[in-house]
Asker: 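Before I ask anything, let me first share the structure, which is written out below as structure tokens.
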Amino acid sequence: MNSILKFSNILLIVAFIVILLQQVIGQEFMTNPDYMRDWGGGDETESRLVSIYSYISPVAVGFGFVPVFILITELLIKSKKNKKLLLYVLLGLLFSFLTKTRWIMLNALMVFLLLYFNHRKQLTSFYKYLILVPSIVVIALFVGESFGLKTMGIVEDRILEKDSGGVGKGSASSRILAFTAFSQVYMDNPILGRGNVKYGMAGTGEQDSKLKKILGGKSSQLHVGYLSLLYIYGLVGGIFFLGFIYLILKRLYKNAEKTGYYGPFVAFLGFALANLTLVTFTFFEMGLILALLFNKFYLQSLKQKDLKIN
């Protein structure tokens, strides 16, 4: 476990350096050409940056970096290395900001939930980070802008969405459209769902012409993961998936209460949170698997400690 921790620590630092260079040099720097073909494009304020993760999967930058960031942050909390902790929290939040991907930014903000869990008995320390970290991040954004990193442009275009007429007409409108479209198509196949692929003679593509017509080119899909889940897999598939998410989060939280390590729970909670906007139904991503491994390691360490005491 120590070797995994050391490697993950180095990986976070390398990932931050690479994404910073991508913002300065260009999106193509150390990015998989296949990813660039399918997902690349945009200017300095809108191009999604993926650091070193583009060779794994399109969502690996979120589910690879953020869970590891959460796990290492907690270890720094436990070791009481406050200066290093502050530095890592800042680097993690700035990394998520430079991805220009909103669901990753939201997941990274869950580091404050982790700080709360670990400082519930000393809320003064939690409030210190709650005030200090955002203040330094804001200063860093202004400094980055002065060095030509277009950080304020990222705030305007990717967070405030001024180029789309504001949040209400940008990302929020696509989520509202998702609920509207869902209400019109779900009852066609409410129990088993529409399915994801059309089979049989000439069945060469996705069978969602009705949905596409309703979306009218304003969105590529139902941009709310749980709505897509129910639409594709129906009530039966939805219950299985949501039941799995509930049970694993319940188990991780109970384990956290025993061990005092909430990192695995918070890291996996990010998967559930991401599907409020993202559409992904697999947790076979590096960071999420690592969170489960750390959970098991903490439990085993607790058992060994209890055996020594007894």
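Because the structure is a prediction, the values reported are computed rather than measured.
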Asker: Got a second to check how far Thr259's OG1 is from Leu302's CG, nearest 0.5 Å?
Answerer: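 So the gap between those two atoms works out to 7.0 Å.
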
Asker: Check whether Tyr262 and Tyr246 end up in the same hydrophobic cluster, where Ile, Leu, Val, Met, Phe, Trp and Tyr are linked by side-chain heavy atoms less than 4.5 Å apart.
Answerer: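 Tyr262 does not cluster with Tyr246.
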
Asker: Would a line drawn from the ring center of Tyr233 to the ring center of Phe241 be shorter than 6.0 Å?
Answerer: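 Ring-ring flag for Tyr233/Phe241: false, centres at least 6.0 Å apart.
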
Asker: Do the rings of Phe283 and Phe271 sit parallel, tilted or perpendicular, given the 30° and 60° boundaries?
Answerer: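 Perpendicular.
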
Asker: How about Thr151 and Phe142: do any of their side-chain heavy atoms sit closer than 4.5 Å?
Answerer: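 No; the side chains remain at least 4.5 Å from each other.
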
Asker: Would you say the ring centroid of Tyr129 lies under 6.0 angstrom from that of Phe112?
Answerer: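 No: the rings miss the under 6.0 Å criterion.
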
Asker: Same cluster or not: Phe95 versus Leu21, using hydrophobic residues (I, L, V, M, F, W, Y) connected whenever any side-chain heavy atoms lie under 4.5 Å apart?
Answerer: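 The answer is yes; both residues are in one hydrophobic cluster.
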
Asker: Can Leu12 and Leu91 be said to form a side-chain contact (heavy atoms from CB on, under 4.5 Å), step by step?
Answerer: CA-CA 9 Å; Leu12 289 190; Leu91 290 181; over 6 Å; no

Asker: Check whether any side-chain N or O of Asn275 sits under 3.5 Å from a backbone N or O of Tyr226 as a donor-acceptor pair, and report yes or no.
Answerer: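 Not at all, since once roles are kept as given, no pair shorter than 3.5 Å links the two residues.
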
Asker: Hey, could you give me the CG/OH distance between Asn32 and Tyr55, rounded to the nearest 0.5 Å?
Answerer: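 Rounded to the nearest 0.5 Å, the CG-OH separation comes out at 5.0 Å.
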
Asker: Mind checking whether Ile154 and Ile159 have side chains closer than 4.5 Å, heavy atoms only?
Answerer: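 No. Closest side-chain heavy atoms not under 4.5 Å.
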
Asker: Just do the side-chain contact (heavy atoms from CB on, under 4.5 Å) check on Leu229 and Leu242 with the steps written out, would you?
Answerer: CA-CA 9 Å; Leu229 171 72; Leu242 294 174; 4.1 Å; yes

Asker: Let me see the working for Val61 and Ser54 under side-chain contact (heavy atoms from CB on, under 4.5 Å), right down to the final yes or no.
Answerer: CA-CA 7 Å; Val61 62; Ser54 61; over 6 Å; no

Asker: So Ile52 and Leu11, do their side chains get closer than 4.5 Å, heavy atoms only?
Answerer: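 A side-chain contact under 4.5 Å exists here.
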
Asker: Is there a side-chain contact between Pro264 and Glu74 in this structure, where contact means two heavy atoms from C-beta onward sitting under 4.5 Å apart?
Answerer: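 When only atoms from C-beta onward are counted, Glu74 and Pro264 do touch, with a gap below 4.5 Å.
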
Asker: Can a donor-acceptor pair be found, under 3.5 Å and without considering hydrogens, that links the side chain of Gln22 to the backbone of Ser51?
Answerer: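 Side chain of Gln22 to backbone of Ser51, a donor-acceptor pair under 3.5 Å: yes, one is there.
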
Asker: More than 12 heavy atoms of other residues, nucleotides or ligands under 6.0 Å from OH of Tyr186: yes or no?
Answerer: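 Count over threshold, so yes.
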
Asker: Please determine whether residues Ile131 and Val137 belong to a single hydrophobic cluster, defined as Ile, Leu, Val, Met, Phe, Trp and Tyr linked transitively by side-chain heavy-atom distances below 4.5 Å.
Answerer: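 They do not share one cluster, since no chain of ILVMFWY contacts under 4.5 Å joins Ile131 to Val137.
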
Asker: Kindly check if the number of other-residue, nucleotide or ligand heavy atoms within 6.0 Å of CZ (Phe29) is above 12?
Answerer: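 Atom CZ in Phe29 is packed in, count exceeds 12.
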
Asker: Crowded around Phe179 CZ? As in, over 12 foreign heavy atoms under 6.0 Å?
Answerer: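 No - once you tally the heavy atoms of other residues, nucleotides and ligands closer than 6.0 Å, there are 12 at most.
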
Asker: For Arg158 and Arg102, work out which heavy atoms get closest and say how close.
Answerer: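 Closest heavy-atom pair between Arg158 and Arg102: O-NH1, 2.6 Å.
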
Asker: Kindly indicate, with the supporting measurements, whether the criterion side-chain contact (heavy atoms from CB on, under 4.5 Å) is fulfilled by Gln23 and Lys150.
Answerer: CA-CA 9 Å; Gln23 180 64 18; Lys150 306 292 184 181; 4.1 Å; yes

Asker: Is there a donor-acceptor pair closer than 3.5 Å between any side-chain N or O of Thr101 and the backbone N or O of Trp103?
Answerer: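 No; judged by distance alone, with no hydrogens or angles, the pair does not exist.
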
Asker: What's the shortest heavy-atom distance between Gly287 and Val68, and which atoms?
Answerer: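 Nearest pair, atom of Gly287 first, then Val68: CA-CG2, 4.2 Å.
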
Asker: Starting at OG of Ser125, measure out to OH of Tyr116 and round the result to the nearest 0.5 Å.
Answerer: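 Ser125 OG to Tyr116 OH: 13.5 Å, rounded to 0.5 Å.
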
Asker: Salt bridge (Lys or Arg N to Asp or Glu O under 4.0 Å) with Glu257: which of Arg251, Lys250, Arg120?
Answerer: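 Of the listed options, the one satisfying the test is Arg120.
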
Asker: With heavy-atom distances below 4.5 Å as the criterion, would you say the side chains of Phe65 and Thr99 are in contact?
Answerer: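 They are not in contact (no side-chain heavy atoms under 4.5 Å apart), so the answer is no.
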
Asker: When you group the ILVMFWY residues by side-chain heavy-atom contacts below 4.5 Å and let the links chain together, are Leu247 and Leu252 in the same group?
Answerer: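 Per the 4.5 Å side-chain linkage, Leu252 and Leu247 are not co-clustered.
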
Asker: Members other than Ile139 in its cluster, when Ile, Leu, Val, Met, Phe, Trp, Tyr link by side-chain heavy atoms under 4.5 Å?
Answerer: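 Members other than Ile139 - counting any ILVMFWY side chain reachable under 4.5 Å - are Val143, Phe147.
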
Asker: Is Tyr261 linked to Leu299 within one hydrophobic cluster, defined over Ile, Leu, Val, Met, Phe, Trp and Tyr using a side-chain heavy-atom separation of less than 4.5 Å?
Answerer: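 Looking at the clustering, Leu299 is in a separate group from Tyr261.
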
Asker: List, by chain and number, the other hydrophobic cluster members for Phe240, where Ile, Leu, Val, Met, Phe, Trp and Tyr join if side-chain heavy atoms come within less than 4.5 Å, directly or indirectly.
Answerer: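 Same cluster as Phe240: Ile191, Leu192, Val236.
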
Asker: Evaluate the side-chain proximity of Phe182 to Leu211: yes if any heavy-atom separation is below 4.5 Å, no if none is.
Answerer: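 Side-chain contact under 4.5 Å: no.
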
Asker: How far does CG of Leu49 sit from CZ of Phe97, to the nearest 0.5 angstrom?
Answerer: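 Interatomic distance, Leu49 CG to Phe97 CZ, rounded to 0.5 Å: 10.5 Å.
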
Asker: If we check side chain to side chain contact (heavy atoms under 4.5 Å, CB included) with Arg175, which of these qualifies: Thr180, Val224, Leu227?
Answerer: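 Option passing the side chain to side chain contact (heavy atoms under 4.5 Å, CB included) with Arg175: Val224.
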
Asker: Is the distance between the ring centroids of Phe265 and Tyr253 under 6.0 Å?
Answerer: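 Yes, the ring centres sit under 6.0 Å apart.
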
Asker: Is a donor on one side and an acceptor on the other found under 3.5 Å between the side chain of Glu145 and the backbone of Met152?
Answerer: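 Yes: the side chain of Glu145 pairs with the backbone of Met152.
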
Asker: Main chain of Val279, side chain of Ser228: is a donor-acceptor contact present, judged purely on distance under 3.5 Å?
Answerer: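 Judged by distance alone, no pair lies under 3.5 Å.
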
Asker: Answer yes or no: is there a side-chain heavy-atom contact under 4.5 Å between Leu113 and Leu269?
Answerer: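 Yes. Closest side-chain heavy atoms under 4.5 Å.
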
Asker: Hey, what do you get for CD1 (Ile19) to CE (Met30), rounding to the nearest 0.5 Å?
Answerer: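 Spacing of CD1 (Ile19) from CE (Met30) equals 12.0 Å.
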
Asker: Could you give the distance from CG (Asn82) to CG (Leu87), rounded to the nearest 0.5 Å?
Answerer: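 These two atoms lie 12.5 Å from each other.
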
Asker: Grab the two heavy atoms, one from Ile245 and one from Ala272, that are nearest each other, plus how far apart they are.
Answerer: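 Shortest heavy-atom contact: CG2-CB, 4.0 Å.
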
Asker: Can a salt bridge be assigned to the pair Asp188 and Lys210 using a cut-off of 4.0 Å between side-chain N and carboxylate O?
Answerer: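 Salt bridge between Asp188 and Lys210, a charged N being under 4.0 Å from a carboxylate O: yes.
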
Asker: Please find the pair of heavy atoms, one from Leu114 and one from Ile70, that lie closest to each other, and give the distance.
Answerer: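 Smallest heavy-atom distance, with atoms named: CD2-O, 3.3 Å.
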
Asker: At their closest point, which heavy atom of Leu93 faces which heavy atom of Phe69, and how far apart are they?
Answerer: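 It is N-CZ, 4.3 Å.
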
Asker: Please examine the side chains of Leu98 and Leu20, heavy atoms only from C-beta on, and report whether any two atoms are closer than 4.5 Å.
Answerer: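 Yes, their side chains come closer than 4.5 Å.
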
Asker: Return the minimal non-hydrogen interatomic distance between Gln27 and Arg48, and the atom names on each side.
Answerer: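 Answer, listing the atom of Gln27 first, then Arg48: NE2-O, 2.9 Å.
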
Asker: Donor-acceptor pair, Lys81 side chain versus Leu76 backbone, under 3.5 Å?
Answerer: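 No.
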
Asker: Check whether Arg194 reaches the backbone of Ile232 with its side chain - one donor and one acceptor, N or O, closer than 3.5 Å.
Answerer: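 No, because the side chain of Arg194 does not come within donor-acceptor range (under 3.5 Å) of the backbone of Ile232.
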
Asker: Can you tell me if Met286 has over 12 outside heavy atoms packed within less than 6.0 Å of its CE?
Answerer: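 Enclosed.
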
Asker: Output all residues satisfying side chain to side chain donor-acceptor pair (under 3.5 Å) with Ser57, sequence neighbours left out; order by chain, then residue number.
Answerer: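 Side chain to side chain donor-acceptor pair (under 3.5 Å) check on Ser57 returns Glu285.
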
Asker: Count the heavy atoms of every other residue, nucleotide or ligand shown that sit under 6.0 Å from NZ of Lys78, and state whether that count exceeds 12.
Answerer: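 Atom NZ in Lys78 is crowded, with more than 12 foreign heavy atoms closer than 6.0 Å.
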
